[in-house]
Amino acid sequence: MDSKHQCMKLNDGHFMPVLGFGTYAPAEVPKNKAVEATKWAIEAGFRHIDSAHCYSNEEQVGLAIRNKISDGSVKRDDIFYTSKLWSTSHRPELVRPALEYSLNKAQLDYVDLYLIHFPVSLKPGEELSQTDESGKVIFDIVDLCTTWEAMEKCKEAGLAKSIGVSNFNRRQLEMILNKPGLKYKPVCNQVECHPYLNQRKLLDFCKSKDIALVAYSALGSQRPKRWVDQNSPVLLEDPVLCALAKKHKRTPALIALRYQLQRGVVVLAKSYNEQRIRENVQVFEFQLTPEDMKAIDSLDRNLRYFNSAGLASYPNYPFADEY
């Protein structure tokens, strides 16, 4: 791995760079921007690249990775690439074909990490979701323990080096951990996490089980209208973060990223702006004091930018529990 990037040892012995580049972008951003932005990220020093089937950009992200390998910038071993199993493929017989589809899109032989993207199962089909005549999303009923067993088989087949989950709450993590015949624990749980939603209880639980917590929307959110209440406060305009940015002569984004690293959280920085991508790598160049950390801790208001209220009626909806 790039020497300036610290890595976290996962519970299966693999290493994950603690700073990752998130490739999700709202639908209005042209797909080819993902090629450009991923190349900028690798050039800036990012080695952890996070994508997913439902981002519909694995072809572009894979192309950028292969370009940087072919020009000698990196080797495949240097890159930690994450993809995710979408909710329409939770049935065990659909898991490996879904991963193979993602690998084919990215034109890679394996993913470093494969995650169950969201614990709510949707009716299988080519679309990301199907709706009934009244416009309601059609759910599927799947025992996620059987999905996990199929994930374990993908790991054993060498298609995924590590396997984990995303958007799971404590109860759902325990369901996997307590599954009879469990072969591999989830290495991580990727969740929305930022100073307004610091996930303290979930983080403590994950640490107690040797599961890494990976933070998405660590800078707030790109605020796509489809998912995010446009009246919600803009994280990077928070007066406390702005004051700390001034104190450390850094950007508010760097303060928010550094906060996560000092809590032992793997953090994804998402940007399609070249200058900001280069800036975000400076997160290793300074430290927050215990007082700074306490001030940021106090910002927690249990504010979730990504509200998936349309799925709230599903029994496996993860955000109804406290954590």
Side-chain angles (χ1 to χ4, degrees), residues 1-11 15-22 44-48 50 80 164 168-170 173 187-221 232-271 276-306 321-323:
M1 290 291 173
D2 190 303
S3 61
K4 70 180 164 190
H5 281 307
Q6 301 163 20
C7 291
M8 178 182 284
K9 189 175 186 180
L10 301 173
N11 63 36
F15 287 86
M16 176 197 287
V18 295
L19 177 67
F21 178 68
F46 282 90
R47 296 295 176 260
H48 176 171
D50 181 88
F80 188 97
F168 274 45
N169 61 30
R170 174 187 175 150
L173 283 170
V187 298
C188 72
N189 186 18
Q190 185 183 124
V191 295
E192 180 176 345
C193 185
H194 44 74
Y196 287 166
L197 180 73
N198 73 24
Q199 300 276 19
R200 165 53 59 203
K201 288 184 176 177
L202 187 60
L203 175 59
D204 288 345
F205 174 76
C206 286
K207 283 182 175 177
S208 77
K209 301 295 181 184
D210 198 18
I211 294 170
L213 192 108
V214 180
Y216 71 75
S217 293
L219 303 178
S221 159
S232 57
V234 177
L235 178 73
L236 298 184
E237 292 174 5
D238 185 273
V240 172
L241 293 182
C242 291
L244 288 171
K246 204 169 174 182
K247 172 185 166 183
H248 290 278
K249 298 183 172 56
R250 304 286 171 176
T251 61
L254 277 170
I255 301 298
L257 295 176
R258 183 72 212 176
Y259 169 68
Q260 300 292 11
L261 294 185
Q262 288 186 213
R263 308 166 76 216
V265 170
V266 174
V267 66
L268 302 176
K270 201 179 292 173
S271 177
R276 286 201 287 269
I277 288 170
R278 295 189 187 285
E279 259 173 18
N280 289 340
V281 183
Q282 296 168 13
V283 73
F284 298 108
E285 295 173 11
F286 72 104
Q287 275 210 314
L288 297 170
T289 67
E291 294 72 32
D292 296 338
M293 292 294 288
K294 201 176 283 187
I296 302 171
D297 274 336
S298 73
L299 298 177
D300 184 49
R301 52 177 88 179
N302 203 30
L303 185 144
R304 204 176 280 284
Y305 282 107
F306 279 86
D321 294 28
E322 185 196 354
Y323 70 99

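In what follows, residues are counted from 1 in the order of the sequence shown.
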Partners meeting side-chain contact (heavy atoms from CB on, under 4.5 Å) with Lys9 (sequence neighbours left out): Phe15
Spacing of CG belonging to Leu10 relative to CZ belonging to Phe80, to within rounding of 0.5 Å: 5.5 Å
Residues forming a side-chain hydrogen bond (donor to acceptor under 3.5 Å, both in side chains) with Glu192, sequence neighbours excluded: His194
Counterpart residues, side-chain hydrogen bond (donor to acceptor under 3.5 Å, both in side chains), relative to Asp50 (two or more places apart): Lys84, Gln190
Side-chain heavy atoms of Asn169 within contact of Phe205, under 4.5 Å: no
Minimum heavy-atom distance Leu19-Ala269, with the two atoms named: CD1-CB, 4.4 Å
Side chain to side chain contact (heavy atoms under 4.5 Å, CB included) evaluation trace for Asn302 with Leu197: CA-CA 5 Å; Asn302 203 30; Leu197 180 73; 3.3 Å; yes
Non-hydrogen side-chain atoms of Ile277 and Phe46 separated by less than 4.5 Å: yes
Atom pairs and distances, side-chain donor-acceptor, residues 290-297, under 3.5 Å, sequence neighbours left out:
| unit_1 | atom_1 | unit_2 | atom_2 | d |
| --- | --- | --- | --- | --- |
| Glu291 | OE1 | Thr289 | OG1 | 3.3 |
| Asp292 | OD1 | Lys247 | NZ | 2.7 |
| Asp292 | OD1 | Thr289 | OG1 | 3.2 |
| Asp292 | OD2 | Lys247 | NZ | 3.4 |
| Asp292 | OD2 | His248 | NE2 | 2.8 |
| Asp292 | OD2 | Thr289 | N | 2.9 |
| Asp292 | OD2 | Thr289 | OG1 | 3.1 |
| Asp297 | OD1 | Tyr259 | OH | 2.6 |

Close side-chain approach of Leu213 and Cys193, heavy atoms under 4.5 Å: yes
Point-to-point distance, once rounded to the nearest 0.5 Å, from CG of Leu241 to OG1 of Thr251: 10.0 Å
Contacts of Phe168 that satisfy ring pair (Phe, Tyr, Trp, His ring centres under 6.0 Å) - sequence neighbours left out: none
Working for side chain to side chain contact (heavy atoms under 4.5 Å, CB included), residues Asp300 and Arg200: CA-CA 9 Å; Asp300 184 49; Arg200 165 53 59 203; over 6 Å; no
Heavy-atom donor-acceptor pair, Arg301 side chain to Tyr196 backbone, under 3.5 Å: no
Nearest-0.5 Å distance, CG of residue Leu235 to CG of residue Leu303: 9.0 Å
Spacing of Phe21 atom CZ and Asn280 atom CG [to the nearest 0.5 Å]: 9.0 Å
Gln199 side chain near Val191 side chain, heavy-atom distance below 4.5 Å: yes
Counterpart residues, salt bridge (charged side-chain N to carboxylate O under 4.0 Å, His left out), relative to Arg278 (two or more places apart): Glu43, Glu274
Interatomic spacing from CD1 in Ile211 to CG in Leu202 - rounded to 0.5 Å: 9.0 Å
Minimum heavy-atom distance Leu288-Phe286, with the two atoms named: CD2-CE1, 4.0 Å
Exceeds 12 heavy-atom contacts within 6.0 angstrom, atom NZ of Lys207: yes
Partner set under salt bridge (charged side-chain N to carboxylate O under 4.0 Å, His left out) for Lys201, not counting sequence neighbours: Glu322
Qualifying residues under side-chain hydrogen bond (donor to acceptor under 3.5 Å, both in side chains), relative to Gln287, sequence neighbours excluded: none
Side chain Arg276, main chain Ala253, donor-acceptor under 3.5 Å: no
side-chain hydrogen bond (donor to acceptor under 3.5 Å, both in side chains) involving Asp210 - partner list, sequence neighbours excluded: none
Heavy-atom side-chain contact between Asp238 and Pro252 under 4.5 Å: no
For Phe306 against Ser217, the heavy-atom pair lying closest together: CE1-OG, 3.1 Å
Smallest separation among heavy atoms of Ala256 and Leu219, with atom names: CB-CD2, 4.1 Å
Sequence-distant partners of Arg170, salt bridge (charged side-chain N to carboxylate O under 4.0 Å, His left out), two or more places apart: Glu174
Note, Cys188 side chain near Val266 side chain (heavy atom, < 4.5 Å): no
Note, Leu261 side chain near Gln6 side chain (heavy atom, < 4.5 Å): no
Salt bridge (charged side-chain N to carboxylate O under 4.0 Å, His left out) contacts in which one or both residues fall within residues 279-288, not counting sequence neighbours: Arg250-Glu285
Separation of Cys7 SG from His48 NE2 (nearest 0.5 Å): 10.0 Å
Partner residues of Ala218 under the side-chain contact (heavy atoms from CB on, under 4.5 Å) criterion, sequence neighbours left out: Ala215, Leu257, Val267
